[in-house]
S.K.: 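I'd like to ask some things about the structure below.
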Protein chains: 4
Amino acid sequence: MSGTPTFKRLPRAVREQQMLDAAVRVFSRRGFHTASMDEIADAAGISKPMVYAYLGTKEELFVACLQREGSRMMAAIAGAAAPDLPADERLWRGLRAFFGFVGAHRDGWAVLYRQARGERPFAAELAAMRTRLVEVVAGMLDHALRAKGREVGATDLEVVAYALVGASESLADWLADHPEADPEKTATRMMNVAWLGADQLLRGATWHPPEA
Amino acid sequence: MSGTPTFKRLPRAVREQQMLDAAVRVFSRRGFHTASMDEIADAAGISKPMVYAYLGTKEELFVACLQREGSRMMAAIAGAAAPDLPADERLWRGLRAFFGFVGAHRDGWAVLYRQARGERPFAAELAAMRTRLVEVVAGMLDHALRAKGREVGATDLEVVAYALVGASESLADWLADHPEADPEKTATRMMNVAWLGADQLLRGATWHPPEA
Amino acid sequence: MSGTPTFKRLPRAVREQQMLDAAVRVFSRRGFHTASMDEIADAAGISKPMVYAYLGTKEELFVACLQREGSRMMAAIAGAAAPDLPADERLWRGLRAFFGFVGAHRDGWAVLYRQARGERPFAAELAAMRTRLVEVVAGMLDHALRAKGREVGATDLEVVAYALVGASESLADWLADHPEADPEKTATRMMNVAWLGADQLLRGATWHPPEA
Amino acid sequence: MSGTPTFKRLPRAVREQQMLDAAVRVFSRRGFHTASMDEIADAAGISKPMVYAYLGTKEELFVACLQREGSRMMAAIAGAAAPDLPADERLWRGLRAFFGFVGAHRDGWAVLYRQARGERPFAAELAAMRTRLVEVVAGMLDHALRAKGREVGATDLEVVAYALVGASESLADWLADHPEADPEKTATRMMNVAWLGADQLLRGATWHPPEA
DNA sequence: AATGAATGAGAATTCATTCAT
DNA sequence: GATGAATGAATTCTCATTCAT
């Protein structure tokens with residue numbers, strides 16, 4: 001009656017992960033706006049006030065999801081694409097890790113990502129992540145170029161990297177929508193597009209608009 | 001009292017366009033869920049029931065926006081990339097038209113597009129549009145390849161096209177977020193990425209994953 | 001361009017009947033509140049303002065329906081149950097006319113009636129009709145009683161008549177819900193209940209509550 | 001500050017009853033469509049969302065009212081008309097209980113009932129209740145008939161029962177509209193009508209339509 | 001006589017969020 | 001640490017009704 005109520009009094013850290021798991025699941029399947037805090041609390045097997053107590057506002061909760069999933073992804077990529085590998089090897093491993101992650105977390109990241117893109121309040125968060133990615137890719141390219149004794153303007157580099165990242169994201173979307181598709185194969189395809197283009201770039205080939 | 005008519009009681013066709021204009025504006029700035037029908041009606045300078053009477057549900061209204069903007073964009077691209085031009089010329093003109101359109105309709109398309117991606121109910125609509133685009137691009141590539149006496153599997157072709165479209169969309173997003181950026185220049189950059197990659201492809205170069 | 005527009009400019013009386021027909025149909029199928037003026041105008045093949053011009057408010061329109069159908073029914077019954085017939089003959093003919101009418105107008109009266117019962121604003125209208133009916137029935141009974149040299153208090157008479165009318169309405173409801181049922185047979189059954197009871201009454205039999 | 005608790009934060013069961021009470025009151029006085037959820041919430045002294053949380057949709061709420069009142073009434077009748085009593089005694093007690101209930105719940109049942117009859121979505125619910133009643137009455141009659149060694153076709157029995165129930169409902173309506181009327185007396189009157197008719201039936205008297 | 005255009009007002013329903021226990 | 005109870009504030013959508021032509 002008084003003693004220790006041996007319920008499920010879990011330590012905060014554990015509860016938080018449970019909640020995030022549930023939130024990612026629900027947000028993914030239903031979208032940020034369509035998902036309700038009730039749903040999430042239910043899915044987490046916990047009462048709403050707890051969600052608020054631990055993770056704050058719906059918006060904050062979403063950001064927390066975004067960040068957890070984001071860093072997991074970055075970690076997966078970074079872990080695979082060690083900086084001391086040759087450029088093509090790094091790119092390949094990075095892509096494989098990326099698509100592998102998306103394939104394994106279809107529910108999680110790809111859709112969260114899709115959500116985040118559309119909802120204004122998360123643009124910043126997302127832009128930050130993408131920027132980190134773009135920087136990594138741009139870094140790879142730059143490194144490779146310098147190795148060949150060549151150099152390209154920073155903006156150009158960035159735009160190319162941006163395009164590659166964009167293409168990858170697009171294929172990731174596609175992958176998320178095609179559960180039967182093979183992440184590895186998708187990575188290979190992306191690598192083909194990316195590498196062939198990048199390779200040209202490395203060789204100094206450029207296309208110029210015809211004079212009007 | 002006599003002068004200019006005070007803009008009341010306009011014919012349906014006119015009002016519908018006004019409403020669509022307003023809706024595109026509001027949805028763009030606020031997002032599908034955040035935008036309210038009240039807001040849109042206000043922005044259109046008309047009462048809510050008229051919006052419902054002419055364009056239906058909020059969802060239907062959004063689809064109407066999507067379709068109007070979508071076909072405008074397709075028209076712009078199709079008008080620019082005449083099928084009888086050489087492949088690189090077509091690609092270039094198509095890209096220029098695309099980025100030109102996005103640049104001129106930052107408010108409209110790019111953001112609508114961004115919205116549509118995230119909201120489940122519009123996935124189909126959007127997928128349809130993207131598919132049309134992918135097909136056009138894949139067609140270009142195929143045409144060019146055959147001209148060189150080469151051929152590539154349909155899926156591979158599609159994925160490459162998909163990646164190119166994805167990259168373009170990404171840059172379009174970027175463009176929409178950078179009002180100072182120059183559409184033409186962005187098109188040139190995209191063309192570089194796309195063409196260099198495609199060119200390789202045309203030559204038959206391929207990248208293969210190293211054996212595990 | 002100017003001459004007489006030979007459209008469907010129908011005389012008012014005709015239009016009004018068209019509208020009432022449509023209104024009865026729609027109200028029947030959808031209920032007073034659920035039916036919309038739009039629906040009714042559509043069903044009548046006419047524009048809403050015309051409905052308002054000719055038949056007024058929704059409520060007034062409903063009353064008009066009620067009255068038209070009500071007098072048709074009363075006419076049918078009165079036409080059948082001539083006052084110079086013997087009491088049982090009158091009752092039988094009256095019932096047959098009543099159930100015949102309901103059977104033929106399932107859509108119209110029975111449901112309108114059902115509607116009217118529930119909606120406060122029409123209670124008066126309906127009560128008036130029912131009262132007329134109750135009076136007729138009470139008259140029949142009284143006439144028959146007097147013929148036998150007996151007499152019954154006015155209230156008692158009214159209540160009995162009320163009960164008979166109620167029972168008939170109930171069976172009418174049942175009939176309206178069972179399209180396959182035979183009106184004539186239903187009338188016979190009601191006649192059995194009514195006449196047997198009334199006959200007893202005519203003989204002076206009465207039931208008294210046991211002393212508590 | 002300390003004294004009587006200010007009636008806040010009541011347990012669910014209590015609140016639900018409060019809400020049902022309020023809903024019955026409001027629906028009765030205003031009708032299903034005319035009543036607004038706001039009104040009901042107000043009448044219950046609680047906020048709208050609680051009503052939705054506990055009792056669901058307006059329609060569901062109405063059904064809940066219908067059921068609560070319906071079972072109360074059935075309980076009252078069943079409690080009074082014990083199955084081991086002789087037929088006339090049972091009928092009399094049942095009727096007395098019925099009219100007593102209606103008299104005491106004018107606000108509640110009679111009007112709810114009146115509402116339910118008219119609104120399509122509740123037809124089923126109501127038909128179910130009425131069927132239970134009809135079965136009880138038919139059972140009584142059948143029992144009495146068999147006791148006299150007689151038997152009547154099931155349909156005939158049902159129709160007679162239906163008519164009796166209909167007559168009672170009609171008188172109940174009348175009672176609900178005449179607050180000054182005495183339930184007991186009304187029951188007596190109904191008993192007269194019912195019993196006299198039934199008694200005839202028991203004796204085997206029948207009325208036949210004259211040959212056309 | 002007839003109608004397309006237009007709206008004020010209101011209704012149901014949902015949600016993020018917070019007390020009181 | 002944990003929750004059932006509670007609500008203010010929106011939001012979508014519908015409708016009866018009326019002008020202006």
Side-chain angles (χ1 to χ4, degrees), chain A residues 4-5 7-12 15 33-41 45-54 56-61, chain B residues 5-6 8-16 33-41 45-54 56-61, chain C residues 4-5 7-12 15 33-41 45-54 56-61, chain D residues 5-6 8-16 33-41 45-54 56-61:
Chain A
T4 34
F7 289 107
K8 36 221 160 145
R9 302 231 161 179
L10 299 181
R12 174 160 186 155
R15 276 275 194 251
H33 275 107
T34 319
S36 82
M37 291 300 264
D38 270 293
E39 247 175 310
I40 294 172
I46 226 164
S47 75
K48 251 189 303 178
M50 285 302 292
V51 180
Y52 279 91
Y54 280 1
T57 295
K58 190 186 186 185
E59 224 163 88
E60 288 164 350
L61 173 57
Chain B
T6 4
K8 286 215 155 192
R9 229 148 263 256
L10 298 181
R12 174 167 187 154
V14 176
R15 273 280 135 90
E16 276 184 350
H33 274 109
T34 320
S36 86
M37 292 299 264
D38 269 296
E39 245 176 311
I40 294 172
I46 218 161
S47 74
K48 236 187 317 174
M50 286 303 288
V51 180
Y52 281 92
Y54 283 176
T57 300
K58 190 183 184 186
E59 220 164 272
E60 288 164 350
L61 173 57
Chain C
T4 34
F7 288 108
K8 36 215 161 154
R9 303 232 162 177
L10 298 181
R12 173 161 187 152
R15 276 275 193 252
H33 273 108
T34 319
S36 82
M37 291 300 263
D38 270 292
E39 246 174 311
I40 294 171
I46 226 165
S47 75
K48 250 188 306 177
M50 285 303 293
V51 180
Y52 279 91
Y54 280 2
T57 294
K58 191 185 185 185
E59 222 164 89
E60 288 163 351
L61 173 58
Chain D
T6 4
K8 286 215 155 191
R9 230 151 263 258
L10 298 181
R12 173 166 187 155
V14 177
R15 273 280 137 90
E16 276 185 349
H33 274 108
T34 319
S36 87
M37 290 300 264
D38 268 297
E39 245 175 311
I40 294 172
I46 218 162
S47 74
K48 239 187 315 175
M50 284 304 288
V51 180
Y52 280 91
Y54 284 176
T57 300
K58 191 183 185 186
E59 219 163 271
E60 288 164 350
L61 173 57

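In the text below, chain A, chain B and the rest are named by the order of the sequence lines, each starting its count at 1.
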S.K.: To the nearest Å, how far apart are D/I40 CD1 and E/dA11 P?
M.R.: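 One finds 12 Å between P of E/dA11 and CD1 of D/I40, rounded.
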
S.K.: Could you write nucleotides 15-21 of chain F as a row of B, S and -, 5' to 3', where a protein heavy atom under 4.0 Å of any base atom gives B, of only sugar-phosphate atoms gives S, and otherwise -?
M.R.: BSBBBS-

S.K.: Taking all atoms of both residues into account, what is the closest heavy-atom pair of D/S47 and D/A41, and its distance?
M.R.: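 Nearest heavy atoms, D/S47 then D/A41: C-CB, 4.0 Å.
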
S.K.: Let's test your reading of the pairing rules: Watson-Crick or G-U wobble, both distances under 3.5 Å, then write DNA chain F as a dot-bracket string with ( ), [ ], | and dots.
M.R.: .||||||||||||||||||||

S.K.: Sequence neighbours excluded, which residues qualify as salt bridge (Lys or Arg N to Asp or Glu O under 4.0 Å) partners of A/K48?
M.R.: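 Testing A/K48 for salt bridge (Lys or Arg N to Asp or Glu O under 4.0 Å), a comparison that skips the adjacent residues, returns A/D38.
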
S.K.: Kindly write out the residues that satisfy side-chain contact (heavy atoms from CB on, under 4.5 Å) with C/E59, not counting sequence neighbours, or none if the list is empty.
M.R.: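 Result, side-chain contact (heavy atoms from CB on, under 4.5 Å) vs C/E59: C/F32, C/T57, C/P121, C/F122.
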
S.K.: Grab the two heavy atoms, one from C/E39 and one from C/T34, that are nearest each other, plus how far apart they are.
M.R.: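 In terms of heavy atoms, the two residues are closest at OE1-O, 3.8 Å.
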
S.K.: Roughly how many Å is it from CG in B/L10 to P in E/dT3, rounded to a whole number?
M.R.: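 In whole Å, E/dT3 P lies 22 Å from B/L10 CG.
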
S.K.: Can you measure from CZ (B/R12) to CE (B/M50) and round to the nearest 0.5 angstrom?
M.R.: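 If we round to the nearest 0.5 Å, B/R12:CZ and B/M50:CE are 8.0 Å apart.
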
S.K.: Base, sugar-phosphate, or nothing: which does A/R12 touch, judged by heavy atoms less than 4.0 Å apart?
M.R.: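 No contact at all - A/R12 keeps every heavy atom at 4.0 Å or more from the nucleic acid.
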
S.K.: Side-chain N or O of B/Y54 less than 4.0 angstrom from OP1 or OP2 on E/dG4?
M.R.: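 No, B/Y54 has no side-chain N/O under 4.0 Å of OP1/OP2 on E/dG4.
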
S.K.: How long is the span from the OH atom in B/Y54 to the CZ atom in B/R15, to the nearest 0.5 Å?
M.R.: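 If we round to the nearest 0.5 Å, B/Y54:OH and B/R15:CZ are 8.0 Å apart.
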
S.K.: For the pair made of CD1 in D/I46 and C1' in F/dG4, what is the distance, rounded to whole Å?
M.R.: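 Value for this atom pair: 12 Å.
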
S.K.: In whole Å, I'd like the distance from the CD atom of A/E60 to the P atom of E/dA16.
M.R.: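 After rounding, the gap between these two atoms is 14 Å.
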
S.K.: Please state whether the phosphate of E/dA6, meaning OP1 or OP2, lies under 4.0 angstrom from any side-chain nitrogen or oxygen of B/R15.
M.R.: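 Yes, B/R15 has a side-chain N/O under 4.0 Å of OP1/OP2 on E/dA6.
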
S.K.: Would you give the length of the straight line joining atom CG of D/L61 to atom NZ of D/K58, rounded to the nearest 0.5 angstrom?
M.R.: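 Reported value, rounded in 0.5 Å steps: 9.5 Å.
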
